[in-house]
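See below for the structure under consideration.
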Amino acid sequence: MNSVDAYAAELLEGLNEPQRHAVQHPGGPLLVIAGAGSGKTRVLTHRVAYLVRSGQCGLGEILAVTFTNKAAAELRHRVGDLLGRSTRGLWVATFHSACARILRVEAEKLGYTRQFTIYDSDDSKRLVKRCLEAEGADTKRFTPNAVRNQISDHKNRLRSVEQAQDLAAGHYDRTVADAYAAYQKQLVANNAMDFDDLMGRTVDLFERYPDVRERYRRAFKHVLVDEYQDTNPAQYRFLQLLCMDDPMHQAGPSGGGTGRDAKGGGEDTNALTAPLAGEEPGHRNLMVVGDDAQSIYGFRSADIRNILDFEDDFPDAEVIKLEQNYRSTQHILDAANGLIGHNSNQRPKHLFTEEGEGDEVRVRAMQDDHAEARWVVSEVERLAGEGVPLGEMAVLYRTNALSRAIETSLTQAELDYQVIGGVRFFDRAEVKDALSYLQWLHNPANTVAFARVVNRPRRGIGDTSVGRMLNHAASTGVTPLEVIADPAAAGLKTAAVKAVGAFAEQIAELRETLFGAPDEAGVGGTASGSDLRVADLVEDVLRVTGYRSELERSEDPQDEGRLENLDQLHAYAEEFDAEGTAGAGEGTGSEDAFHALDRFLQQTALLSDADSKANGPEGQVTLMTLHNAKGLEYDAVFLVGLEDGIFPHSRAIDSGELEEERRLAYVGITRARRHLAITWARRRAMYGPPQSQVPSRFLRELPHEALDETSPEAMSGQPSFGGSERGRRDFSQIGRIGRGSSPSRPGGPPRDLSSLGLKRGSDLVSSKADAPPAPTWQPGQRVRHVKFDTGEVVRMDGDVVVVHFDDVGEKRLIAGFARLEALG
DNA sequence: ATATACATCCTTTTT
DNA sequence: GGATGTATAT
């Protein structure tokens, strides 16, 4: 072994057999099936480092693709650590940012300028809405969101407008296809691309310009992909084009070229992959890493068949399975294995660990959502007492709506928590407003940004006026910037003309700061403000437009927070400026303001909440949806709301997406290192009155040996005193509790509360701080005063239970009451 | 043009 | 429960 080899071999130390195998893979297609917690990032980073150290290629000849910025950053960081040197030159990017980078350079070839704007889903929704309205479609039946999703699906499956129209069978599909046509036309007119276009247009580019494709194919000798199970057909084709023999011969508009389009017909045809003779050979060095069991983005057109059929697509592919788990204890893995075993569409695998059995997975049935929340919180407290940091605990749920009860209980217990999800920073209205100003200054053709800011803050330019200006712009093929120079031409009334005039002046002033000299409306000026920083520009926008002063003047307490967000945006821009100047140290000279803005917008468009999604740094319990939990791990995990209709979600049940739901549960289970508890509630208030719930079918699929269930009914959802229908109707405020030792009917009511769903002391905890000592209840004990879950008081007076409705209102109380009445 | 009051609708969402 | 959109009034 020569010294180079020895140097590279260091990178193999500490890897297990299959991991090492993957890292050393000589070349050609490689699929690594990486079970949860099996060290897939390790394999990826070590392979990148190994390729470089063993001299197989240069750092700059590797492209590593991920789905999130966070994953990309981590990958880069860890490769840097392994190599002990800078990773500049290494392409680690998300699919979208890699494409955006390519498209900036090649935009002209596709009829765009390199200043094109990237529309986020909100922007594109607005544009779709406008298109639908222009078409005269009924936006009740064709909601902008639904239509946008359909269009997105078309794009992700690489269906052109024409293909979509050809495919459209019914009226609905045709309307969608027409909207797609109009929308796409508008995007080009706006010099804008949506997220899906970043992929799709790059694919277009590669297909239409073989020389361009060839250039990139040569630039990257090795391509590595993370989370391959989540790739959609567009991403799949992108990889093909980068690595493989020319797959394009020809999937023309009318041809059978829709690849894996199930709707389009042949389930098994795959025009993308047919290896074609006589073309220049691709390097074929494609390594993909993923876990089919964690494919949970089907609703966003991710196609699990990409990972399931990898060997069919690439007959010479090597497949390596990583099944040793370094995260969880065996009981948790058993639960995961048992559950996922119920899926048929999968690659069989069996996770194992050397860490030992650990705790059993606890499954608990709760009276209702409040009891569930309270139980979770009491467990959080218990574990905290055992030394598990709050930041190492997470509560996971299917839908965001389920977080509320948990939040309430955590607050009452005075425990710190963070909720992941909800509105992202860059999606907040005020932040988007500010960014839209910047976007419009940068790309005056951007009508969405224009429509957004023209009357914000309120300037007396109403919807009708905005509509007229947009129409005018569209029909005369002119940008909104030119429209506001002569608003009367768009047919505005005098008051509106005046208001627009004031707005135009503000914009002129801002353009002057950005471009230096005043220029004729339109195409970016010549010499632009030399050392203007983006942060200054943000501030100028807020000042000149009166946006900031409007908020400062406001009485609304929420506006305080909005100002803070704007300050945060400013701080973010300052950071960006600092990085820019630091990086541009050598030779580049001072970058002009316009170009800085260009880079700034590019970056922010593809940024999400970046790093906020992590373990609560210190002392914070984390709450989030299962989707958000992918890739994370915690010492203790609580999976709540395991009820049919919630999880699996009713819409998934209806549309036969149970396997994906099951994978989602699998993801949840495998987040836990040592402690896992799964709960469901007999009754839950979602929207409106509480509904009876049935335990999730997934609970029945968990292997009993791995579980700790309080009672048989925890699984079945049946009261232990089974028998006839009862307890599901409405009742008076008085119920009776059976008494004495002789049940009044066969298998009749027991006399204690255990069958009421109140099984343990913790179910009867007082939630009010100043309430009398919370009476907990133990089997066999007589009960006099009970504090019910939401704080309502239940007093037992002999046989009769009297319920006091206080400030909370009665609908929550009925839940507890149903069970009491059931005994009567 | 805008403020307010009522109705309506609810998955998940890496970019 | 709440955010969004439409109808109505000013």
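Naming convention: chains lettered A, B, ... in sequence-line order (proteins, then strands); numbering from 1 in each chain.
Straight-line distance from the CZ atom of R684(A) to the C1' atom of dC10(B): 16 Å, rounded to whole Å. The nearest whole Å value for the distance from the OH atom in Y397(A) to the C1' atom in dT12(B) is 12 Å. Atoms NZ (K493(A)) and P (dA1(B)) sit 7 Å apart, rounded to a whole Å. Computed from coordinates, the M686(A) CE to dC9(B) P distance equals 17 Å when rounded to whole Å. When rounded to the nearest whole Å, the span between CG of N149(A) and P of dT12(B) equals 12 Å. Rounding to whole angstrom units, CG of residue N145(A) and P of dA3(C) are separated by 17 Å. Rounded to an integer number of Å, the gap from NZ of K630(A) to P of dT11(B) is 21 Å. Look at CD1 on I420(A): it is 16 Å from C1' on dT12(B), rounded to the nearest Å.
Residues R663(A) and E660(A) are paired through a salt bridge, judged by an N-O separation under 4.0 Å between the basic side chain and the carboxylate. Taking a cutoff of 4.0 Å between a charged side-chain nitrogen and a carboxylate oxygen, R651(A) and D654(A) do not qualify as a salt bridge. K140(A) and D138(A) are not joined by a salt bridge, as no carboxylate oxygen comes within less than 4.0 angstrom of a charged side-chain nitrogen. Salt-bridge check for R148(A) with D194(A): failed, with every basic side-chain N at 4.0 Å or more from each acidic carboxylate O. The pair R404(A)-D369(A) does not meet the salt-bridge criterion, since no charged nitrogen lies less than 4.0 angstrom from a carboxylate oxygen.
Of the candidates dT11(B), dG1(C), dT13(B), the closest approach to any side-chain atom of N400(A) belongs to dT13(B). For Y687(A), the listed nucleotide lying nearest its side chain is dC10(B); candidates were dT12(B), dC10(B), dT15(B). When the nucleotides dG1(C), dT15(B), dT12(B) are ranked by their closest atom to the side chain of T399(A), dT12(B) comes out on top. When the nucleotides dT11(B), dT13(B), dT15(B) are ranked by their closest atom to the side chain of N69(A), dT15(B) comes out on top.
Legend: residues meeting side chain to side chain contact (heavy atoms under 4.5 Å, CB included) with D122(A), ordered by chain and number and at least two apart, are D120(A), R126(A), K432(A), R452(A). Under the side chain to side chain contact (heavy atoms under 4.5 Å, CB included) criterion, F220(A) pairs with L63(A), W91(A), Y216(A), V223(A), L242(A), not counting sequence neighbours.
Contact annotation for K140(A): backbone-only contact, meaning every heavy-atom pair under 4.0 Å involves sugar-phosphate atoms and none involves a base. Residue contacts for E661(A): at a heavy-atom cut-off of 4.0 Å it reaches a base atom on one of the strands shown.
For residues 451-469 of chain A, proximity to DNA chain B is found at N455(A), R458(A), G460(A), G462(A), T464(A), S465(A), defined as any non-hydrogen atom under 4.0 angstrom from a strand atom.
Both stacking criteria are satisfied for H649(A) over the base of dT11(B): a centre-to-centre distance under 5.5 angstrom and an angle between ring planes under 30 degrees. Under the stacking criterion of a centre-to-centre distance below 5.5 angstrom and an interplanar angle below 30°, F299(A) is not stacked against the six-membered ring of dT11(B).
Between T625(A) and dT13(B), a side-chain N or O to OP1/OP2 separation shorter than 4.0 Å is present.
Annotated as syn: dT11(B), whose O4'-C1'-N torsion sits within 90° of 0.
I678(A) pairs with exactly one of L639(A), V637(A), V640(A) by the side chain to side chain contact (heavy atoms under 4.5 Å, CB included) rule, that one being L639(A).
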